[in-house]
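A short write-up of the structure that comes next.
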Amino acid sequence: MSDLNEIKLEALLDIINSSARQAIAEYKKTGHGVPSTDSSIFHPLDLIPDTLALRKAIRLLEGSYQQLSSTLAPPQHTVFNFVHNYNWACIDVVMRARIADVLDRHPDGLSVDKLADAVNLDKSRTAHVLRALSLVGCFKEVERDVFTNTRLSLILKSTNDAGCITRIHSQYFSKYAGVLYETMTDPEYARSHEVDKAPRVFAFRKDGMKGNYWEMMKNDDESRDIFHRGMIGHSEIMGASAVLHHYPWDKVSSVVDIASGIGAFSMPLAKMFPHLRITNQDLPEIMKEAQNAWQKNASESILDGHIEFVVFDLLEDVPVAGKDVYYLRNIIHNWPDAEATKILHNIRKVMGPSSRVLIHECVLFHTFQEPGVETKRSSIAPEPMLPNFGAGSYNAFQQDLTMWLAHNTKARTLDELKTIGAAAGLVLTQIHDFVDTMAIEFTIAPN
Ligand SMILES: C[S@@+](CC[C@H](N)C(=O)[O-])C[C@H]1O[C@@H](n2cnc3c(N)ncnc32)[C@H](O)[C@@H]1O
């Protein structure tokens, strides 16, 4: 028995070793070597949209490392580590005080005295925050009380899109998460699946908050701006742009980006595949912002008539008819089953015989091997890892909780997506695995 356990640990060590080497090889392919822990600039690979091979290696590395560490470390240590973690609060301070922006102007380092003055905070408390984060490579103390940015802390600059979504989490989602148990025991909230019974609403109900997330932002220009820049950042965080490189867009003529936002997906798509006719559809205030964003960053695509912007309410209206691909990124998980089915059914009504629906978001797989759930071989971890890669699937499972906190909904399993697809008259035909997210392809179900 103990031999078998040791064999499993050795196998995990081998996975750690081989996956780390795969990741190193991906960096070296760029011709710029591997990044250094305390580098204060991005590595060229940090800025490339298609990092699928790197992400596959990191999924194995993080999953196997966590499994090995939690097997070998004392359980008291491991479990307390789960909660003894205030990185989110330290990051909240950094972002709201714009500490990374100030340090960016001092590449050789800035004393915490001057830094704290510049951001109007107490010196010793600022040092506490930065030291806690320096421990995990986010900032570096180059000499006593002198700090610089690192490749990680650059994400926390106010100009960084991934920083926008990071800030939404540190500032707001931390508050929603703080009332999770209360919502699970409150008579009004505990068993409700209404979107306005989300922990978000509970956390702010004394301030009179009601309605869904989108209604909350409707009259708040600044929040909408941060959110929509955050969606560009979210795509970088999740590696979702892999869909631009690993889906046969060259064989497609027309795409509708359903609830497109300002075009986090459709704008790079238009730039990479100028032959595509693209329709962006979203709420009126978002379509206005989308047009401004496209005018600024991709005016030639609009001017040559390939791109259109059509206001719609995805719960009430059908989208434009007869297009090749109806693409929904980060949409279905925002809605309970009844609304999600309605959205797909509205699309189904206007699909042509060869139209496809692509649902692109996090998909959950269980920690045990489910009989009958077929998936691509690359989506199953090697033994003795948990079949769903364990901590390598961290993002998908946290995203599931994020959906609960904000919308009272969830990320779905493949079977759950199949079921709502079937209820709308669609059948699953293909799965595209992009590691943190998947694009699940549906066509019209045969009668
Ligand atoms: C999570 S964002 C995803 C945006 C984009 N697909 C992406 O991945 O970057 C959800 C989008 O749904 C839109 N939305 C919410 N309610 C809607 C409705 N009733 N009708 C149309 N769009 C809606 C929001 O305005 C927002 O742009």
Side-chain angles (χ1 to χ4, degrees), residues 49 161-162 164-165 168-169 172-173 195-196 198 200 211-221 223-244 247 255-270 278-294 297 309-320 325-336 338-347 357-362 395 399-400 402-411 434 436-440:
D161 293 330
C164 288
I165 196 81
I168 291 173
H169 278 71
Y172 298 109
F173 279 79
V195 286
D196 69 352
R200 170 184 58 84
N212 69 32
Y213 199 81
W214 322 109
E215 285 156 353
M216 175 184 87
M217 286 195 298
K218 190 170 177 187
N219 299 314
D220 183 343
D221 292 354
S223 293
R224 273 205 322 280
D225 179 52
I226 293 181
F227 179 83
H228 286 288
R229 281 177 51 210
M231 287 316 296
I232 298 172
H234 189 263
S235 172
E236 292 169 12
I237 291 165
M238 295 290 189
S241 302
V243 72
L244 298 169
Y247 188 81
V255 182
V256 185
D257 190 359
I258 300 276
S260 57
I262 59 171
F265 159 72
S266 56
M267 202 186 292
L269 181 73
I278 298 176
T279 310
N280 296 292
Q281 297 209 250
D282 206 301
L283 296 166
E285 64 276 13
I286 310 299
M287 281 293 83
K288 219 160 107 199
E289 279 158 21
Q291 273 168 297
N292 289 340
W294 282 73
N297 302 307
F309 302 85
V310 181
V311 167
F312 93 139
D313 181 331
L314 84 182
L315 295 175
E316 304 296 334
D317 308 324
V318 294
V320 292
V325 174
Y326 291 87
Y327 177 82
L328 300 100
R329 189 170 76 181
N330 300 321
I331 303 303
I332 291 302
H333 65 190
N334 297 335
W335 300 98
E339 284 84 350
T341 306
K342 192 163 184 204
I343 293 166
L344 294 178
H345 195 242
N346 282 342
I347 298 172
V357 172
L358 265 189
I359 297 179
H360 186 184
E361 56 191 40
C362 295
N395 264 337
Q399 176 84 351
D400 176 46
T402 298
M403 292 304 108
W404 178 5
L405 296 173
H407 308 292
N408 207 18
T409 61
K410 60 183 181 180
F434 302 128
D436 282 332
T437 62
M438 285 191 162
I440 312 295

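For ligands, and for the atoms within them, numbers begin at 1 and follow the listed sequence. Model, not experiment: these values are computed from the prediction.
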* Is it true that His228 lies under 4.0 Å from ligand 1, counting heavy atoms only? -> yes
* Structure fact -> Rounded to the nearest 0.5 angstrom, the CG-CD1 distance for Leu344 and Ile347 is 5.5 Å
* What residue and atom, counting heavy atoms only, is the protein's closest point to atom 16 (N) of ligand 1, and at what distance? -> Trp214 CD1, 3.4 Å
* Whether Phe312 lies under 4.0 Å from ligand 1, heavy atom -> yes
* Asked: Atom OH in Tyr213, atom CG in Asp196: separation rounded to 0.5 Å?
  -> 15.5 Å
* Asked: Out of Leu314, Asp282, Ile286, whose heavy atom sits nearest atom 17 (C) of ligand 1?
  -> Leu314
* For ligand 1, which atoms sit closer than 4.0 Å to a heavy atom of Asn334? -> 1 (C), 10 (C)
* Asked: Should one rank Arg329, Gln281, His333 by closest heavy-atom distance to atom 8 (O) of ligand 1, which comes out on top?
  -> Arg329
* Out of Thr402, Asp436, Asp400, Thr437, which one pairs with Asn395 under the side chain to side chain donor-acceptor pair (under 3.5 Å) rule? -> Asp436
* Asked: Under 4.5 Å between any side-chain heavy atoms of Phe312 and Pro319, yes or no?
  -> yes
* Asked: Can you list the atoms of ligand 1 that are under 4.0 Å from a heavy atom of Ala264?
  -> 9 (O)
* Asked: Between Ala259 and ligand 1, does any nitrogen or oxygen pair lie at a separation below 3.5 Å?
  -> yes
* Atoms of ligand 1 close to Gly261 [distance to a heavy atom under 4.0 angstrom, numbered from 1] -> 27 (O)
* Taking all heavy atoms of Ser235 and all of Arg329, pick out the closest pair and write down the distance. => OG-NH1, 3.4 Å
* Counting both backbone and side chain atoms, is some N or O of Asp313 under 3.5 Å from an N or O of ligand 1? -> yes
* Identity and separation of the nearest protein heavy atom to atom 1 (C) of ligand 1 -> Asn330 O, 3.4 Å
* Structure fact -> Sorted by chain and number, sequence neighbours left out, side chain to side chain contact (heavy atoms under 4.5 Å, CB included) with Met231 holds for Phe227, His234, Asn330
* What do we get for Ser260 next to ligand 1 when only non-hydrogen atoms under 4.0 Å count, side chain, backbone, both or neither? -> backbone
* **Ser260 to Met287 - nearest heavy-atom pair and separation** => OG-CE, 3.5 Å
* Please test His360 against Tyr327 for side chain to side chain donor-acceptor pair (under 3.5 Å), starting from the C-alpha separation and ending with a verdict. => CA-CA 7 Å; His360 186 184; Tyr327 177 82; 2.6 Å; yes
* Pick out which of Asp220, Asp221, Asp225 makes a side chain to side chain donor-acceptor pair (under 3.5 Å) with Ser223. => Asp220
* Asked: Taking non-hydrogen atoms only, is Glu316 closer than 4.0 angstrom to ligand 1 via side chain, backbone, both or neither?
  -> neither
* Asked: Using heavy atoms and a threshold below 4.0 Å, how should the contact between Ile331 and ligand 1 be classified: side chain, backbone, both, or neither?
  -> side chain
* For Trp335, counting its heavy atoms only, list the atoms of ligand 1 lying under 4.0 Å from any of them. => 16 (N)
* Quick check: does any side chain N or O of Glu361 sit under 3.5 Å from a backbone N or O of Ile332, one acting as donor and the other as acceptor? -> yes
